[in-house]
Amino acid sequence: MKRIEVDGLPPEPLAAAGLFHQNWLDPIERALGEGQDVLVILEAADHTHEEWRKAASAMLARKHAPRRVNLVAGRGPSLDSTADYLAQAPGVTGQYFRAAT
């Protein structure tokens, strides 16, 4: 599973969603188009970012099925555990997870 680490998103949710789509959508879709499953790693954010992240993950998964794509926010051991789980869970796609910090 290819890991794509997204950085540099602003704290405001609308601006973050716009920058995500402008700068990160192409590399994510390119990897999916090449036949790779993708795990998108995001910085942790508060609840105001949850809806755009859920929508992005779900729409990417629908568009690129049967390839798998999930978004995970967080860092450290919880992120690693979540990534390990998702690598072994072939039925999980189109989800947004917040790893414990």
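Throughout, numbering of the chain's residues begins at 1 and tracks the sequence.
The CG atom of Leu19 lies 12.0 Å from the CG atom of Leu25; values are rounded to the nearest 0.5 Å. In this structure, CH2 in Trp52 is found 7.0 Å from CG in Leu71, a value given to the nearest 0.5 Å. The CD atom of Glu51 sits 5.0 Å away from atom NZ of Lys54, with the distance rounded to the nearest 0.5 Å. Here the CZ atom belonging to Arg98 is positioned 12.5 Å from the CG atom belonging to Leu42, to the nearest 0.5 angstrom.
Between Pro27 and Ile4, the shortest heavy-atom contact is O-CD1, 3.8 Å. When all heavy atoms of Ala45 and Arg53 are compared, the pair lying nearest together is CB-NH2, 3.6 Å. Tyr96 and Ser57 get closest at one heavy-atom pair: N-OG, 4.3 Å. When every heavy atom of Ala44 is checked against every heavy atom of Ala73, the shortest pair comes out as CA-CB, 4.1 Å. Nearest heavy-atom pair across Asp37 and Arg68 is OD1-N, 2.7 Å. Heavy-atom minimum distance, Asn70 versus Gly94: OD1-N, 3.3 Å.
By the rule that hydrophobic residues join a cluster once side-chain heavy atoms approach within less than 4.5 Å of another member, Leu86 and Val38 end up as members of separate clusters.
Thr82 places a side-chain N or O within donor-acceptor distance of the main-chain N or O of Ser78, the cut-off being under 3.5 Å.
Looking only at side-chain heavy atoms (C-beta outward), Arg3 and Leu79 come within less than 4.5 Å of each other. For the pair Leu32/Lys2, no side-chain contact is recorded, criterion being any heavy-atom separation below 4.5 Å from C-beta on. Between Tyr85 and Val72, every side-chain heavy-atom pair lies at or beyond the 4.5 Å cut-off. Proximity of Thr93 to Leu60: side-chain heavy atoms (C-beta onward) are nowhere separated by under 4.5 Å. Side-chain contact between Phe97 and Leu39 is absent, with no heavy atoms from C-beta onward closer than 4.5 Å.
Note on residues 12-33: pairs passing side-chain hydrogen bond (donor to acceptor under 3.5 Å, both in side chains), not counting sequence neighbours, are Asp26-Arg30, Glu29-Lys63, Glu29-His64.
In the displayed structure, Leu14 atom CG is contacted under 6.0 Å by at most 12 heavy atoms of other residues, nucleotides or ligands.
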Test Glu43 against His49 for side-chain contact (heavy atoms from CB on, under 4.5 Å), laying out the working first. CA-CA 11 Å; Glu43 292 289 331; His49 291 260; over 6 Å; no

